[in-house]
Student: 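Sending over a structure as structure tokens; questions will come in a sec.
Just so it is clear: chains get the letters A, B, ... in the order the sequence lines come, proteins before strands, and each one is counted from 1. Just so it is clear, the structure is predicted and the values come from calculations on it, not from any experiment.
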Amino acid sequence: MKKITYALIMALLTACDMVEYHPYDVKIDGPTNLTRTNCALIEQLCAGKDTLRFAHLCDTQRFYDETEKIVNDINHRDTIDFVIHTGDMTDFGLPKEYVWQRRILNTLKIPYITAIGNHDCLGTGEAAYHKMFGDDNFSLNASFLHIVSLNTNAYEYDYSKNIPDFAFMKADIASLPDSVTSTIIAMHVAPGMFLFNDNVADYFNQQCLNYRDLRFCICGHDHRFEIFHPFGDDGTTYYQCDDAKSCSYIIYTVTRNSYTYEIVQL
Amino acid sequence: MRLYSCRGLLVILSLIGLCQPSAAGQSDSLQTKPAKGSPEYYEYRVERYKHFWHSLIPNQARVQYAGSVGAANIGLGWHYGGRDKRLWESDFMFGFVPKRSASEGHLTFTLRQSYIPFRLRLTNWIAYEPLSTGLICNTIFGEDFWVREPSRYPNKYYGFSSAVRFHIFLGQRLRYEIPQHKRKFVKAISLCYEVSASDLYLVSYVPNRYLSLRDILSLSLGIKVDAF
């Protein structure tokens with residue numbers, strides 16, 4: 001009898017779990033507001049460090065097996081301080097895709113932050129992103145390093161919103177603490193790529209350079225590894241990470257006066 | 001955009017209508033076709049005309065909870081086919097997705113085509129339908145969703161429609177046929193449950209061992225009422 005009751009209760013719980021009103025219904029159970037939590041964790045863990053090491057992955061949409069593999073590999077390294085995901089966690093912007101990605105990313109032993117990708121904006125995807133992670137423009141200070149994450153998917157909004165948000169960048173620059181000496185900017189779509197508002201690319205670059213000692217920018221979107229300089233060979237360096245399907249990610253080691261990168265291919 | 005989707009739905013609805021007369025079984029007066037010009041010919045044509053429109057009267061109603069097409073759904077439909085075996089059903093339903101802290105509420109419209117291969121009689125009035133299966137086409141209304149990608153994108157940039165979802169389902173039902181002397185307006189009531197999977201979940205599930213069926217399946221509960 002006990003067994004039957006147990007089985008019935010389990011069946012009922014499974015059934016409740018399977019109730020969904022619509023794939024685009026933004027009902028997200030479990031941890032939300034992850035950006036704020038993780039930014040605080042990163043600031044706390046990195047405080048006072050002179051060498052920072054972070055992993056960069058991107059375009060994990062619909063590559064759950066591969067994303068899990070990457071996360072496991074990162075977990076086996078003890079030297080990485082945090083992870084930056086530069087967008088496209090979802091393929092269709094479905095809240096459930098966010099939940100599945102969170103389930104994998106939350107197994108990371110270190111905190112992670114994200115940038116919103118163009119696929120993440122589809123349907124109610126942007127609302128789901130706001131609910132699960134928080135603002136789509138934010139920054140944090142990891143010891144001497146200022147890290148900025150920007151929404152650059154201008155085309156998704158048909159240029160009807162301020163994307164990239166220069167007001168955010170200006171206010172962010174104005175409130176930089178003295179402890180910060182260098183900056184890294186994370187985004188999904190980089191200048192020159194399809195979906196970026198290239199009409200303001202030069203102005204965007206000026207704003208980026210207004211940050212204290214901009215080291216480099218990281219991005220994704222084109223599903224391949226690439227180092228490029230959209231504003232001339234002496235201009236800002238952009239690192240594009242390959243998608244999760246390729247089972248690769250990048251590790252950057254940033255010190256107060258130099259940096260190196262390493263591509264990890266699993 | 002919206003017109004385009006409405007047109008598609010109208011085509012499907014009229015197809016449902018067209019398959020009705022043949023399935024319903026014609027009455028005796030329509031069996032033999034009188035010769036053209038004979039006095040009965042006109043009557044025959046009128047009967048046929050009436051019969052056609054009569055067969056378009058919805059003969060069942062349905063309320064449904066959840067199932068990835070809306071929180072609560074209500075609709076009308078048609079059942080046709082054999083009396084005790086191989087039943088077909090077509091329904092349309094309106095539903096809504098509730099407002100959430102992060103998003104607005106939305107209205108939905110659903111077309112369902114179900115197939116019930118057989119019905120087992122348990123008692124005189126109670127029958128069990130161990131299998132119902134079929135296709136669901138659902139559209140969600142709102143400016144965030146598109147049937148066809150906005151023209152600003154290059155051809156098939158995303159390659160899917162965020163407004164239109166297709167689901168496949170499997171389900172079971174218990175049917176209570178109200179004894180004739182107790183009938184007022186309703187002939188039978190069925191309790192149904194269904195487990196469905198949407199197209200976008202299936203394309204996520206297939207290439208990923210990480211996802212389990214439990215991740216992608218959606219449960220719905222429903223009540224179906226047959227008027228005649």
Student: Could you tell me which non-hydrogen atom of His221(A) sits nearest to which non-hydrogen atom of Tyr157(B), and how far apart they are?
Tutor: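 Taking every non-hydrogen atom into account, CE1-OH, 3.3 Å.
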Student: Using a cut-off of 6.0 Å, state whether more than 12 heavy atoms not belonging to Arg77(A) lie near its atom CZ.
Tutor: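 Yes, because the 6.0 Å sphere around CZ of Arg77(A) holds more than 12 heavy atoms from other groups.
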Student: Does some side-chain heavy atom of Arg103(A) sit less than 4.5 Å from a side-chain heavy atom of Tyr210(B)?
Tutor: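 Sidechains of Arg103(A) and Tyr210(B): in contact.
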Student: Does any non-hydrogen side-chain atom of Tyr158(B) lie less than 4.5 Å from one of Leu122(A)?
Tutor: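 A side-chain contact under 4.5 Å exists here.
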Student: Select, from Glu104(B), Arg209(B), Arg165(B), the one with the greatest count of heavy-atom pairs under 4.5 Å involving chain A.
Tutor: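 Most heavy-atom pairs under 4.5 Å with chain A: Arg209(B).
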Student: Decide yes or no for Glu97(A) and Tyr201(B): does some side-chain heavy atom of the first lie under 4.5 Å from some side-chain heavy atom of the second?
Tutor: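 Not in contact.
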Student: Look up atom OG1 in Thr108(B) and atom NE2 in His22(A), then write down how far apart they are to the nearest 0.5 Å.
Tutor: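 The NE2 atom of His22(A) is 6.5 Å from OG1 of Thr108(B), to the nearest 0.5 Å.
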Student: Could you tell me which non-hydrogen atom of Phe194(A) sits nearest to which non-hydrogen atom of Pro154(B), and how far apart they are?
Tutor: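 Heavy atoms only, the tightest pair is CZ-CD, 3.3 Å.
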Student: Where is the tightest heavy-atom contact between Ser204(B) and Tyr64(A), given as atom of each residue plus distance?
Tutor: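 In this case the closest contact between Ser204(B) and Tyr64(A) is CB-CE1, 4.3 Å.
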Student: Got a sec: does the CG of Asp158(A) have more than 12 other heavy atoms crowding it under 6.0 Å?
Tutor: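 Atom CG in Asp158(A) is crowded, with more than 12 foreign heavy atoms closer than 6.0 Å.
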Student: With only heavy atoms counted, which part of Leu195(A) is less than 4.5 Å from chain B, the side chain, the backbone, both or neither?
Tutor: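 Contact with chain B is through the side chain of Leu195(A) alone.
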Student: Which heavy atom of Asp25(A) sits nearest to which heavy atom of Pro98(B), and what is that distance?
Tutor: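 Scanning both residues completely, I find the closest heavy atoms to be OD1-O, 4.2 Å.
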Student: Heavy-atom pairs under 4.5 Å with chain B: which of Val99(A), Val26(A), Thr67(A), Asp17(A) has the most?
Tutor: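 Most heavy-atom pairs within the cutoff with chain B belong to Val26(A).
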Student: Rounded to the nearest 0.5 Å, how far does NZ of Lys96(A) lie from OG of Ser198(B)?
Tutor: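 It comes to 8.5 Å.
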Student: With the side chain counted from C-beta on, respond yes when Asn208(B) and Trp100(A) share a heavy-atom pair under 4.5 Å apart, and no when they do not.
Tutor: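 No; the side chains remain at least 4.5 Å from each other.
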Student: Report the option among Gly123(A), Cys121(A), Cys16(A) that has the most heavy-atom pairs separated by less than 4.5 Å from atoms of chain B.
Tutor: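 Highest number of heavy-atom pairs under 4.5 Å: Gly123(A).
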Student: Give, as side chain, backbone, both or neither, the part of Tyr65(B) having an atom under 4.5 angstrom from any heavy atom of chain A.
Tutor: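 Just its side chain gets close to chain A.
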Student: Chain A contacts: which residues in residues 214-221 of chain B have a non-hydrogen atom closer than 4.5 Å to it?
Tutor: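 The stretch touches chain A at Arg214(B), Asp215(B), Ile216(B), Leu217(B), Ser218(B), Leu219(B).
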Student: How long is the gap from CG on Leu200(B) to OH on Tyr24(A), to the nearest 0.5 Å?
Tutor: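 Those atoms lie 6.0 Å apart.
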Student: Looking at every heavy atom in both Ser101(B) and Lys131(A), which two are closest together, and how far apart are they?
Tutor: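 It is OG-NZ, 3.1 Å.
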Student: Counting only heavy atoms not in Phe166(A) (residues, nucleotides, ligands), do more than 12 fall under 6.0 Å from its CZ?
Tutor: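 It does: Phe166(A) CZ has more than 12 such atoms within range.
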Student: Considering only heavy atoms from C-beta outward, does the side chain of Val203(B) approach that of Phe92(A) to under 4.5 Å?
Tutor: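 Yes - at least one pair of side-chain heavy atoms lies under 4.5 Å apart.
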Student: Is Ile223(B) atom CD1 crowded by more than 12 heavy atoms from other residues, nucleotides or ligands, each under 6.0 Å away?
Tutor: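 Incorrect, the count does not exceed 12.
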Student: Is Gln61(A) in contact with chain B via its backbone, its side chain, both, or neither, using a 4.5 Å heavy-atom distance?
Tutor: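 The answer is neither part of Gln61(A).
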Student: Evaluate Glu156(A) against Tyr153(B) for side-chain contact (heavy atoms from CB on, under 4.5 Å), listing each step before the verdict.
Tutor: CA-CA 9 Å; Glu156(A) 281 315 315; Tyr153(B) 294 110; 2.7 Å; yes
Student: State, yes or no, whether a side-chain contact exists between Arg100(B) and Tyr21(A) at a heavy-atom distance under 4.5 Å.
Tutor: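 They are in side-chain contact.
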Student: Measure distances from Val97(B) to the heavy atoms of chain A and classify the residue's part below 4.5 Å as side chain, backbone, both or neither.
Tutor: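 Looking at Val97(B), just its side chain touches chain A.
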Student: Pick whichever of Ala127(A), Ala128(A), Gly93(A) has the most heavy-atom pairs under 4.5 Å with chain B.
Tutor: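 Heavy-atom pair counts peak at Ala127(A).
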Student: With only heavy atoms counted, which part of Tyr155(A) is less than 4.5 Å from chain B, the side chain, the backbone, both or neither?
Tutor: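 Looking at Tyr155(A), backbone and side chain both touch chain B.
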